[in-house]
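So you know, we letter chains A, B, ... as the sequences are listed, proteins then strands, and number each from 1.
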There are 2 protein chains.
Amino acid sequence: MTDRDTRRRTIHDVAKAARVSISTASNALNGTGRTNVETRERVKRVAKDIGFRPNALARSLLTKRSHAIGMLTNDTYGRLTLPMAAGVSEVLVDQGLSVFLCATNNDPRLARLHLEALLDRQVDGIIFTATRLDLPPPVELTKLPVPVVYVFAEGPPDSISFVPDDIHGARLAVEHLKSLSRSRILHVTGPHDYLAVRRRAEAYRESVGSGAEILYGDWSEEWGHSAIDEVFARKGPRPDAIFCGNDEIARGVIEALRDIGVRVPEDVAVVGFDNWEVISKQTRPPLTTIDMQLKELGHQAGLAILELAKGEEVAPGTNRLPCSLVVRQSCGSMTR
Amino acid sequence: MTDRDTRRRTIHDVAKAARVSISTASNALNGTGRTNVETRERVKRVAKDIGFRPNALARSLLTKRSHAIGMLTNDTYGRLTLPMAAGVSEVLVDQGLSVFLCATNNDPRLARLHLEALLDRQVDGIIFTATRLDLPPPVELTKLPVPVVYVFAEGPPDSISFVPDDIHGARLAVEHLKSLSRSRILHVTGPHDYLAVRRRAEAYRESVGSGAEILYGDWSEEWGHSAIDEVFARKGPRPDAIFCGNDEIARGVIEALRDIGVRVPEDVAVVGFDNWEVISKQTRPPLTTIDMQLKELGHQAGLAILELAKGEEVAPGTNRLPCSLVVRQSCGSMTR
DNA sequence: TCGTGATGGTAAAAGGTTTTATCAGATTCT
DNA sequence: AGAATCTGATAAAACCTTTTACCATCACGA
């Protein structure tokens, strides 16, 4: 019993088994050149029979397209990066593109290391994603020999980026509250130095008009608690609705309200931001919130990089994708 | 002004610029073969000057090592997969290995697609990760031409896998509670059909001895609530400690206890499982919980696949990594 | 009969690197 | 002096595929 050859089958093997030349085998398999239909079928059948799969490395070396892209991410895979990565991968896998995931931890050394590895591997493009819009990448990404797309991050002028439309999201939240006849709407949000915070705050202010009040803090439940404690301790009119900068704050707000005996949604309606389901589905009552459509963001970025990799043009600029309102029970029914 | 060549520099360019043959250039850069120290330095300097970086595709094609591995994951990037992926990537990047991330969504078609792409790319190894231990991979992974390592998943006999030591984790939790003089310890956990649930339950039962009581449910806060409602509604002795199957259940438990006026940790101590910080840090009081060391799991898997990729042996079997206890405030002080 | 055009196939080059075998020259040994 | 050894460098093969240019063969019309 001879030990059978465990080597991967090459196109040589196909050619030999089908009694044709290597070039004919290649042509037949790829449908290029001129091949008789009969030989073409024979070659294909043989290839399948012996389990031939082309070596992607050799192919890429020649065609100068690696069919791989790199995804450079800023954080240790937060809740933001992952849905986006899933979205990217989802649209690319059927096109035969694979994704290198590179977590930089915002460390320039690591970022450079990853970037060089990606370029050495001749990736067809790079997607850079961050956890906030206004941080520069930890490594120089302009003047690269491959196209770059920014997601949840803004690149230099004339670059291609995809970000959620914070203004639209904030407006969505406020309009929803207004449509439920809430008139004294408070905004409890995150740190003022976040661009997204300022954008949302601005949209909120415009939409609410007079009587707008914004409390800046951090992204924690804790801050939601203390904001409520402060607001409900003072004299004067009280809000009948609160638009929160993210779901964690919203959760803190809801709990603080319950602690002081204010009913949600009867007395105060609450809207969150993020639709981070581990939080938004588990608050009592479940949280009505704004979804930034992160996966869709990933889809679009994937499609863009696909076009660019093919050598086609993509219009530069910042694409702001609409958010969506996820209605649960923290605002009461639409029909009250 | 002549438009300068934008092509990537090849070793040909280095050889020409340093006035040596290609082989000498290669030898000098890699420290192989016999080269005069002087020419070696010259070649290296020239290479750096003109910005030469070897084409990884060409190199891999020849050496049959792609320095890339695939990570096949079961879910749409849950909280479990990501820390592990970060751990894997962390130990590999400095070794020059890159990671393809493939989310299969537990869809066999997608899994096969990804797997074939990985093999075509000649990856040096594959890491399979799941979200629970007792689900078979969505695609056949035995008899692959590359080594496979399982993380948070158990492969077939004689495969190499890394999983958290649930028994150790559960024991850690119970021992902690016992050391704080808690004597009536209840276990509120997830669905009985999870292997991990049964393992932890068994360890809990052994450690507690007589008086053990286990309530199975699902993984939600909701279930935590209703478990408490049930237990505290009935007659008889009440628990002075609760060991929860995960942090979400623990959060539900803590809130339910507060709702009915039972103090945590004074009256009842609570321990969670997972150390999912968005929950465990934000409960009131912050949750003492078991950390499964997911990143460390990733580290170990990365190291294992690295060895295997080098062609070295790794002892087969299931490696159970110890968990760690993260003490916060839901059990009271050690020194009470 | 000869040229023309289509058809089906092939040899060889190319892609960028590593590695093996070989070679020329200098040095040492007998 | 001649042989043996050592040193430093190189040509060429190899990895596996795609693609270009070319070569037979055959049919057809002039």
Side-chain angles (χ1 to χ4, degrees), chain A residues 5-44 46-47 50-68 96 117 119-124 145, chain B residues 5-44 46-47 50-68 96 117 119-124 145:
Chain A
D5 196 349
T6 181
R7 237 184 55 253
R8 266 183 83 108
R9 303 294 151 190
T10 77
I11 201 167
H12 284 82
D13 302 320
V14 177
K16 188 179 295 176
R19 304 176 175 287
V20 293
S21 74
I22 295 183
S23 358
T24 309
S26 174
N27 280 334
L29 291 172
N30 300 322
T32 59
R34 291 177 309 214
T35 36
N36 189 340
V37 55
E38 183 197 312
T39 46
R40 183 159 58 237
E41 290 311 315
R42 176 160 46 94
V43 169
K44 281 186 175 171
V46 165
I50 69 175
F52 167 73
R53 308 227 78 221
N55 183 322
L57 295 171
R59 189 205 295 255
S60 301
L61 180 57
L62 198 51
T63 62
K64 309 222 171 271
R65 288 209 37 203
S66 64
H67 298 274
L119 294 177
D120 291 352
R121 294 191 142 84
Q122 322 285 116
V123 291
D124 295 338
Chain B
D5 197 348
T6 179
R7 238 184 53 254
R8 265 183 84 108
R9 303 293 151 189
T10 76
I11 200 167
H12 284 83
D13 301 321
V14 176
K16 189 180 295 176
R19 303 176 174 285
V20 294
S21 73
I22 295 182
S23 1
T24 309
S26 174
N27 280 334
L29 292 172
N30 301 323
T32 60
R34 290 177 310 216
T35 36
N36 189 340
V37 56
E38 183 197 311
T39 47
R40 183 160 57 237
E41 291 310 316
R42 176 161 45 94
V43 169
K44 283 186 174 172
V46 166
I50 69 176
F52 166 74
R53 309 225 78 221
N55 182 322
L57 263 37
R59 186 203 297 251
S60 301
L61 179 58
L62 194 53
T63 62
K64 307 213 171 281
R65 288 209 39 202
S66 65
H67 298 275
L119 294 177
D120 291 352
R121 292 192 143 82
Q122 321 287 116
V123 290
D124 295 340

Contact letters for nucleotides 13-28 of chain D, in which S counts primed atoms plus P, OP1 and OP2 and B counts the base, heavy atoms under 4.0 Å: -BBBBBB---------
Thr10(B) side chain near Asn55(B) side chain, heavy-atom distance below 4.5 Å: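 Heavy-atom side-chain distance check fails, nothing below 4.5 Å.
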Ser21(B) side chain near Thr24(B) side chain, heavy-atom distance below 4.5 Å: yes
Do you know which two heavy atoms are closest between [X] and [Y], and how far apart they sit?
X	Y	answer
Arg8(A)	Asp13(A)	O-OD2, 4.1 Å
Val20(B)	Ala25(B)	CG2-N, 4.1 Å
Ala18(B)	Val43(B)	CB-CG2, 4.1 Å

Ion pair check, Asp124(B) and Lys64(B), cut-off under 4.0 Å: no
Distance-only side-chain donor-acceptor flag, Ser26(A) / Ser23(A), under 3.5 Å: no
Asn27(B) and Thr32(B): side chain donor to acceptor below 3.5 Å: yes
Spacing of CZ belonging to Phe52(B) relative to NE2 belonging to His12(B), to within rounding of 0.5 Å: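 Those atoms lie 10.5 Å apart.
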Side chain Ser60(B), main chain Arg65(B), donor-acceptor under 3.5 Å: yes
Span of DNA chain C in contact with chain A (heavy atoms, under 4.0 Å):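 Boundary nucleotides touching chain A, in 5' to 3' order, are dT7(C) to dG16(C).
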Angle of first-five versus last-five pair axes in the helix from dT1(C)-dA30(D) to dT30(C)-dA1(D), to 10 degrees: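 Here the helix ends are tilted 70° relative to one another.
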Touch class at under 4.0 angstrom, heavy-atom based, for Thr39(A) against every strand present: sugar-phosphate
